[in-house]
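Notes for the one structure printed next.
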2 protein chains.
Amino acid sequence: MITRTVPDIVVGRLPRYLQALEHMYREGIKTTSSQELGEAIGISAAQIRKDLSQFGEFGKQGTGYSVAFLVEQLQSILKLTRIWDLALVGMGDLGNALARYQGFAEHGFRITAAFDNDPEKIGKEVAGLIIQDSREMKRIIPSLGIKIAMLTVPASVAQMVAEELVDAGIRAILNYAPISLNLPDDIHVENIDPIIKLQHMTYYLD
Amino acid sequence: MITRTVPDIVVGRLPRYLQALEHMYREGIKTTSSQELGEAIGISAAQIRKDLSQFGEFGKQGTGYSVAFLVEQLQSILKLTRIWDLALVGMGDLGNALARYQGFAEHGFRITAAFDNDPEKIGKEVAGLIIQDSREMKRIIPSLGIKIAMLTVPASVAQMVAEELVDAGIRAILNYAPISLNLPDDIHVENIDPIIKLQHMTYYLD
DNA sequence: TACTGTGAAGTAGTTCACAGCT
DNA sequence: AGCTGTGAACTACTTCACAGTA
């Protein structure tokens, strides 16, 4: 039996489908079509059908997709039927804002540990979390089984801290530092950098 | 004379090249090659050469690229040789963290106006900015010539506020709200949503 | 020698268009 | 009648490989 590898670009669209479908679900919409979903998020209907067909046959000819069923399927595909623990590393303004953001918990992500290297911050509480010494990451992260980290440290130390995280067993990093991380190929990194996004947009402005 | 349109995917990589090159510049590196730059950011050398060739011939055979010159060229291509004014809309935790972030100013982006609709927040100062009533956006944004907005309002009002911004003359929106905005085709939108990124990564974890 | 810039080749991604089902 | 799922066609993107040049 051959297990076809799904292109990463397809995987990257699934969360957007899920977001739109959850919104429909909250609105009480029971059924949708690839057409309607596509219009909601600006993607062609054929694209959506093709993407979903990589994982199974979720629709019904003539009627489309059950919103609730497709939400379930996407959650299952994306492994969202469990709670994911997160480590938050770097408790500056951004780290603090993320600690307080309710969206993580609402989507099954639980910030379980927060770290900083500043003695002034260590021991302080933010949103129910006690900030811990980043020198303890190697011990605490494996003991809590945390696999995902959000990195909100200054660019100057981001590479070093990222390596420590990998050493502590982290497999995926959401990188807020404005620098490219160089890590082993089996570590998944996603970057969030507003400057990069703004510079992309200015190209089109005058 | 035909002006070839550069693919958006190429434009999107230019800021990453620029980021790495500015880093090299600060490190005192005078010259680099497509090979070296590619290794720094995990992109093939051929890709970088092809991308740059869309805009001109910036390298020298045998020696590679002058870091300072290529930084200048990329800044020029991306229209970064001027200050861009930004409107910050929504002064919750995230809006506050962005208001205090030094990175914008360091890269030629100046947050010139901050808005919220909460009477408790209006008139307060954050990082040298007075928070203004969002009902004033239509008047203030054109008067300051602001073309770019960062949207950090709750998802429930994001679409409505985005439409008001477009109405006020905004041409590009950096959208932090966890929702797809539906706006005219000539408005550039970039989304920053940590949940979407995390859900992308969980696919690969177990 | 060491690199760029670039056609050509190769690979990946998207859209078309329609059979088939409800 | 209305929609999905999917091969086939098409388009876009990336890599190869090498002529050209400092």
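By convention in this document, chain letters (A, B, ...) are assigned in the order of the sequence lines, proteins followed by strands, and residues within each chain are numbered from 1.
Taking the side chain as every heavy atom from C-beta outward, A:Leu70 and A:Tyr17 never approach each other to under 4.5 Å. Residues B:Phe115 and B:Val161 fail the side-chain proximity criterion, which asks for heavy atoms closer than 4.5 Å. Using a 4.5 Å cut-off on side-chain heavy atoms (C-beta onward), A:Met150 and A:Phe104 make contact.
Interface limits on DNA chain D: the 5'-most and 3'-most nucleotides within less than 4.0 Å of chain A heavy atoms are D:dG2 to D:dA8.
Nearest approach of A:Pro194 to B:Leu174, heavy atoms of both residues: CB-CD2, 3.8 Å. A pairwise comparison of heavy atoms in A:Ala158 and A:Leu151 identifies O-CD2, 3.8 Å as the closest pair. A:Ala113 and A:Gln132 get closest at one heavy-atom pair: CB-NE2, 4.1 Å.
Of the two residues near DNA chain C, A:Asp8 and A:Ala46, the one whose nearest nucleotide lies more 5' is A:Asp8.
Atom CD of A:Gln54 is separated from atom C1' of C:dG13 by 11 Å (rounded to the nearest Å). In this structure, B:Lys50 atom NZ and C:dA9 atom C1' are separated by 11 Å, rounded to whole Å.
Under a 3.5 Å cut-off, the side chain of B:Gln199 and the backbone N or O of A:Leu80 do not form any donor-acceptor pair.
Residue pairs satisfying the ring pair (Phe, Tyr, Trp, His ring centres under 6.0 Å) criterion with at least one member in residues 176-206 of chain B, sequence neighbours excluded, are listed as follows: A:His188-B:Tyr204, A:Tyr204-B:His188.
In this structure, B:Ile9 reaches the sugar-phosphate backbone alone: every heavy-atom distance under 4.0 Å involves primed, P, OP1 or OP2 atoms, never a base.
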Write down the protein N/O and nucleotide N/O pairs, taken from nucleotides 2-4 of chain C, whose separation is under 3.5 Å; answer none if there are no such pairs.
| residue | atom | partner | partner atom | Å |
| --- | --- | --- | --- | --- |
| C:dC3 | O2 | B:Gly62 | N | 3.1 |
| C:dT4 | OP1 | B:Ser34 | N | 2.7 |
| C:dT4 | OP2 | B:Ser34 | OG | 2.8 |
| C:dT4 | O2 | B:Gln61 | NE2 | 3.3 |

